S.K.: 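Dropping the structure in here first, questions after.
Values in this document were obtained by computation on a predicted structure and should not be read as measured data. In what follows, every chain begins at residue 1, and chains take the letters A, B, ... in the order their sequences are listed.
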Number of protein chains: 4
Amino acid sequence: MQNRETKRNEKYEKILEAAIKIFSKHGYYKATISQIAREAGVADGTIYLYFKNKDDILKSFFTYRTREVFAKFKDEVKKGKNALDKLRRLIHAHLTAFEKSREMAIVYQVECKKRSHLSKDKIKEMSNMYMELVKEIIQLGQKEGTIRKDLSIPLVRQLMVGAIDEVITTWVYTSKKYSLSSMTDPLMDLIVKGIGNDKEK
Amino acid sequence: MQNRETKRNEKYEKILEAAIKIFSKHGYYKATISQIAREAGVADGTIYLYFKNKDDILKSFFTYRTREVFAKFKDEVKKGKNALDKLRRLIHAHLTAFEKSREMAIVYQVECKKRSHLSKDKIKEMSNMYMELVKEIIQLGQKEGTIRKDLSIPLVRQLMVGAIDEVITTWVYTSKKYSLSSMTDPLMDLIVKGIGNDKEK
Amino acid sequence: MQNRETKRNEKYEKILEAAIKIFSKHGYYKATISQIAREAGVADGTIYLYFKNKDDILKSFFTYRTREVFAKFKDEVKKGKNALDKLRRLIHAHLTAFEKSREMAIVYQVECKKRSHLSKDKIKEMSNMYMELVKEIIQLGQKEGTIRKDLSIPLVRQLMVGAIDEVITTWVYTSKKYSLSSMTDPLMDLIVKGIGNDKEK
Amino acid sequence: MQNRETKRNEKYEKILEAAIKIFSKHGYYKATISQIAREAGVADGTIYLYFKNKDDILKSFFTYRTREVFAKFKDEVKKGKNALDKLRRLIHAHLTAFEKSREMAIVYQVECKKRSHLSKDKIKEMSNMYMELVKEIIQLGQKEGTIRKDLSIPLVRQLMVGAIDEVITTWVYTSKKYSLSSMTDPLMDLIVKGIGNDKEK
DNA sequence: GATGAATGAGTTTTCATTCAT
DNA sequence: AATGAATGAAAACTCATTCAT
């Protein structure tokens, strides 16, 4: 038999999942508590037993997802044998994280990623966490000789995050005719080699 | 003396500008018609003489800006002497367009870019317009031998748009201590050469 | 023709009167904005054009009434020829003020008088204003020799206000079979002479 | 060992006391069942084993207190040797009853005394009980010759109750720098002799 | 008896939109 | 054309009360 705590968590997650579904369909502002409650199969008031208010649902999702996702990212980078392997694993993990749930991806990209509900500090913190991963990879690659020496780490982070996000966004707005993770290698190739032609160098 | 049309446009633009200012400060949903009216120096009801409803203001801004911005993009690409020059001009024009007004950049990035108020068609249309520019540049470069032959044009578009957007977003959330257009060359360099080290090839 | 300002005030007072009616019938907490709006013949939202919130309606009434009532009290006291005449006029004005509207009396006695919605400062201020009136009367009477020398002014205020309030409250809960102002002389007599028998002194 | 009834009463009183504390702090309407339950150290649902509903808590308190207090009042009046002694004992008992607990005094004055939760019948009943005490004292005093013959008993009740209540209310809103029962003699003096000067008679 | 999670009716408040002036 | 007071639908949130455990 389940103990009380387990049941508590179950309902918490049920509401969170319902909220993500509704947020992804209507956007944060047009989504109503009643819709979320109905989707979760609970009464409106029940939501307030688990979340302070509407905003708290979104923030909770964000915190929850970020923790989960970054743990995975760090783990994958650690597993990589060399800089390029680490890089590939990071890109792959990033794409895979969002591939699992289109709804989650939409909410994350639209409502969380782009400020509004997140404090500047939260955004900066996340940006810094990603930067650390990038830094580790680049510095290793520079030692190995596989990565250029003249790089701005913040800019590389911007290139990577920006490109990956756009790939995700495009996939989200497309009818998902291809797998998101299948974009790993093409994207990796582009980020590593650039679009220029070196043959003549 | 001004003719009627000119006067009409004056007020139309005054409201549009006020709206952008307010949207950028509070976000689309928290912004109220009254705030916009006050900022524009008109009565609440007057806004409805120029716009169908609140949503129409945002859509109008988007259409207006997109037209303006893409005209500039096309123009710059046309002026470029060769593929890389065209590319550099596109990136520079893109960054400069958003540098002029932080407020505009915020609204564009947060409210327009990321769906919500825009139809899928609008987004696809914009994506396609950008794709055309990228295609033109890449195909020229491939003829010239300055750009790799094995490229997916949609992916290159995603890399470019994603990276540029992230650079803009980072700049927006920073205290603007550097000029956005100064990022043109570093970004260009990264996009063209990638982060990999070729010396040993 | 009425000017805009006049019309504004008209609606303000219409809402205030409706509120008093509803508050007196159901009490502050059970009264709803919708009931007040219906009674005033306006839409719910209109109330918020004139009052910050529900609480503000009650506070406004209190401020409004207090100012009005105390102006009258002062005026009457000023008109009195001597201490006992002044006293009689004060008691009479006090009773008359509440006689005009049973509804007003209920709200005043129940919701305002007895804290809850009023700051301690407001209550103290009111208490002090009354005290000033009492002080003036007593000091004059002491000079005239019509009032005892050994009196605590605060206590006299408490005796008077308490007794008058209780007379009003009793009247309010009775079916108003007598006029409130007819209680002036009996009350005055009791306050001045006390219940004791002096004949034997 | 305690019997069932005793245990029942223990919890019943614990809840009643907790309720008074919470009511006095937040007022009846703003006080929540949860707050009362927490204060009493029981679960929310438990309260409904002892009281029909929220209103019933207040009514029970009132009934309970009234019974207790009037028993004391009657007892004291009975003990008095003569009219004035009885009167002094009544005033003293009245003040002392409220001195014991500031919280109780607040709830009694604000929530009970002034209708809202009490039926007109309850109020009248209470008023009549007090009237009986006053009547007894006055009629005795009139026989003794210590009290005026020309008195309206209801009005004397109003004078007394009103004055005492106001003394209590003032004390409650003050920081209790003096003892409430110390007001017995000054108040008694005022009620018996009035504020007028008899020396010249 | 005791618990406390769940309920959902009921309330305040906001604000896009309308329309008489 | 311009105004801005009035509208009322819609939404977030609260909390007394219930009932399965």
S.K.: In whole angstrom, what separates C:Q35's CD from E:dG10's C1'?
M.R.: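 Whole-Å distance recorded here is 12 Å.
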S.K.: Return yes if some donor-acceptor pair links the side-chain N/O of A:Y28 with the main-chain N/O of A:D55 below 3.5 Å, else return no.
M.R.: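 The answer is yes, because a donor-acceptor pair under 3.5 Å joins these two groups.
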S.K.: For the side chain of B:Q35 and the backbone of B:T32, is there at least one donor-acceptor N/O pair under 3.5 Å apart?
M.R.: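 Yes, because the side chain of B:Q35 sits within donor-acceptor range (under 3.5 Å) of the backbone of B:T32.
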S.K.: Can you identify which nucleotide, out of E:dT7, F:dA2, F:dG4, has its nearest atom closest to the B:Y50 side chain?
M.R.: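 That would be F:dA2.
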S.K.: Whether A:E17 and A:K14 form a salt bridge (side-chain N of Lys/Arg under 4.0 Å from carboxylate O of Asp/Glu) is what I want to check.
M.R.: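 Here A:K14 does not pair with A:E17 in a salt bridge, since their nearest N and O are not under 4.0 Å apart.
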S.K.: Under 3.5 Å for both pairing distances: what stems, at least three Watson-Crick or G-U pairs long, include DNA chain E?
M.R.: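 DNA chain E stems, ordered by first number: E:2-21 with F:2-21.
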S.K.: If only side-chain N and O atoms of A:K11 are considered, is one of them under 4.0 Å from the OP1 or OP2 phosphate oxygen of E:dA6?
M.R.: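 Checking A:K11 against E:dA6: at least one side-chain N or O falls below 4.0 Å of OP1 or OP2.
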S.K.: Could you work out, with side chain to side chain donor-acceptor pair (under 3.5 Å) as the rule, every residue matching C:T63, not counting sequence neighbours?
M.R.: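 If we apply the side chain to side chain donor-acceptor pair (under 3.5 Å) test to C:T63, skipping adjacent residues, there are no hits.
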S.K.: Without decimals, in angstroms, what is the distance between C:H26 NE2 and E:dT11 C1'?
M.R.: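 The distance from NE2 of C:H26 to C1' of E:dT11 comes to 15 Å, rounded to the nearest Å.
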S.K.: To the nearest angstrom, how far is D:I47 atom CD1 from E:dA2 atom C1'?
M.R.: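 Taking CD1 of D:I47 and C1' of E:dA2, I get 12 Å after rounding.
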S.K.: Check the pair B:F51, B:Y12 against ring pair (Phe, Tyr, Trp, His ring centres under 6.0 Å), reporting the backbone distance first and the verdict last.
M.R.: CA-CA 8 Å; B:F51 299 90; B:Y12 177 87; 4.9 Å; yes
S.K.: Any salt bridge linking A:E103 with A:K21? Criterion: basic side-chain nitrogen under 4.0 Å from a carboxylate oxygen.
M.R.: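 A:K21 and A:E103: not salt-bridged.
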S.K.: Indicate yes or no: at least one non-hydrogen side-chain atom of D:I36 is less than 4.5 angstrom from one of D:D44.
M.R.: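 With C-beta onward as the side chain, the pair stays apart.
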S.K.: Along nucleotides 12-19 of chain E, 5' to 3', which nucleotides get a B, which get an S, and which get a -, given that the test is a protein heavy-atom distance under 4.0 Å?
M.R.: SBBSSBB-
S.K.: Please report, rounded to the nearest Å, how far the P atom of F:dT3 is from the CZ atom of B:R38.
M.R.: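 To the nearest whole Å, that distance equals 14 Å.
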S.K.: Could you check whether any side-chain heavy atom of B:K52 comes within less than 4.5 Å of a side-chain heavy atom of B:I57, counting everything from C-beta outward?
M.R.: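 Of all side-chain heavy-atom pairs linking B:I57 with B:K52, none is under 4.5 Å.
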S.K.: Tell me, do C:Y50 and C:K11 make a side-chain contact under 4.5 Å, heavy atoms counted?
M.R.: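 Yes. Closest side-chain heavy atoms under 4.5 Å.
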S.K.: Whole-Å distance between E:dT7 C1' and A:I15 CD1?
M.R.: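 Rounded to the whole Å, the gap is 13 Å.
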S.K.: Within this structure, what is the CG-to-P distance between A:L49 and F:dC15, rounded to whole angstrom?
M.R.: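 So the CG-P distance, A:L49 to F:dC15, works out to 13 Å.
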